[in-house]
Asker: 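Have a look at the structure that comes next, please.
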Amino acid sequence: MDLWFQRRFQPGCTGPARLIRYADDYVACFKHEADAKRFRIEMEKRLGLYELEIAPEKTRILAFGPMAQQWAKEQGRRKAETFDFLGFTHY
């Protein structure tokens with residue numbers, strides 16, 4: 001997965017992209033939402049080659065980082081989304 005991301009997927013991104021992985025869990029980070037959406041589609045296809053699939057309850061695209069709180073307010077939400085990874089809640 002790491003090599004596929006680094007060699008095949010990442011070069012096609014329009015901005016910085018990172019894959020943080022521990023065993024079979026990972027967080028993929030992108031500067032542009034379009035890259036995140038493309039990653040989800042391509043990752044599902046990639047896993048399907050090995051008869052694997054993503055866990056829908058653990059998979060989502062969300063705004064994260066310095067601007068996330070501002071975007072949440074612009075969308076009428078009180079606060080930005082959080083996510084859990086490796087036993088930690090990331091704000």
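Please read all numbers here as calculations on a predicted model, not as lab measurements. Residues: numbered from 1 along the sequence shown.
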Asker: Indicate if Leu52 and Leu3 have the same hydrophobic cluster label, given that clusters are the connected sets of ILVMFWY residues with side-chain heavy-atom separations under 4.5 angstrom.
Answerer: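 No: no chain of side-chain contacts under 4.5 Å links Leu52 to Leu3.
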Asker: Between SG of Cys13 and NZ of Lys31, what distance do you get to the nearest 0.5 Å?
Answerer: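 The distance works out to 12.5 Å.
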Asker: To the nearest 0.5 Å, tell me how far Arg21 CZ sits from Phe85 CZ.
Answerer: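 Here the interatomic distance stands at 9.5 Å.
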Asker: So that I know where these two stand, are Phe64 and Phe83 an aromatic pair - ring centroids less than 6.0 Å apart?
Answerer: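 Judged by ring-centre distance (under 6.0 Å), Phe64 and Phe83 do meet the cut-off.
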Asker: About how many Å separate CD of Glu44 and CG of Leu49, when rounded to the nearest 0.5 Å?
Answerer: 12.5 Å
Asker: What are the two closest non-hydrogen atoms of Pro11 and Gln6, and how far apart are they?
Answerer: CD-O, 3.4 Å
Asker: Classify the ring geometry of Phe39 against Phe9: parallel below 30°, tilted from 30° to 60°, perpendicular beyond 60°.
Answerer: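 Judged by the thresholds at 30° and 60°, the geometry between Phe39 and Phe9 is perpendicular.
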Asker: Just grab all the salt bridge (charged side-chain N to carboxylate O under 4.0 Å, His left out) pairs involving residues 46-58, residues at least two apart or on different chains.
Answerer: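 Found Asp25-Lys58.
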Asker: Heavy-atom distance under 4.5 Å between the side chains of Met43 and Trp4, does that happen here?
Answerer: yes
Asker: Got a second to check how far Thr59's OG1 is from Arg40's CZ, nearest 0.5 Å?
Answerer: 5.5 Å
Asker: Please name the pair of heavy atoms, one in Gly12 and one in Asp35, separated by the smallest distance, quoted to 0.1 Å.
Answerer: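 Residues Gly12 and Asp35, closest heavy atoms: O-OD1, 4.4 Å.
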Asker: Between Val27 and Met1, is there a shared hydrophobic cluster once you connect ILVMFWY residues whose side-chain heavy atoms come closer than 4.5 Å?
Answerer: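 No, it is not one cluster - the side chains of Val27 and Met1 are not joined through contacts under 4.5 Å.
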Asker: Do you know which two heavy atoms are closest between Tyr26 and Leu19, and how far apart they sit?
Answerer: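 Shortest heavy-atom separation between Tyr26 and Leu19 comes out as CD1-CD1, 3.6 Å.
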Asker: Check whether any side-chain heavy atom of Gln10 lies under 4.5 Å from a side-chain heavy atom of Phe30, and answer yes or no.
Answerer: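 Gln10 vs Phe30: side chains apart.
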Asker: By the salt bridge (charged side-chain N to carboxylate O under 4.0 Å, His left out) test, which pairs, at least two apart or in different chains, include something from residues 63-90?
Answerer: Arg60-Glu81
Asker: In terms of hydrophobic clusters joined by side-chain contacts under 4.5 Å, are Phe88 and Ile20 together?
Answerer: no
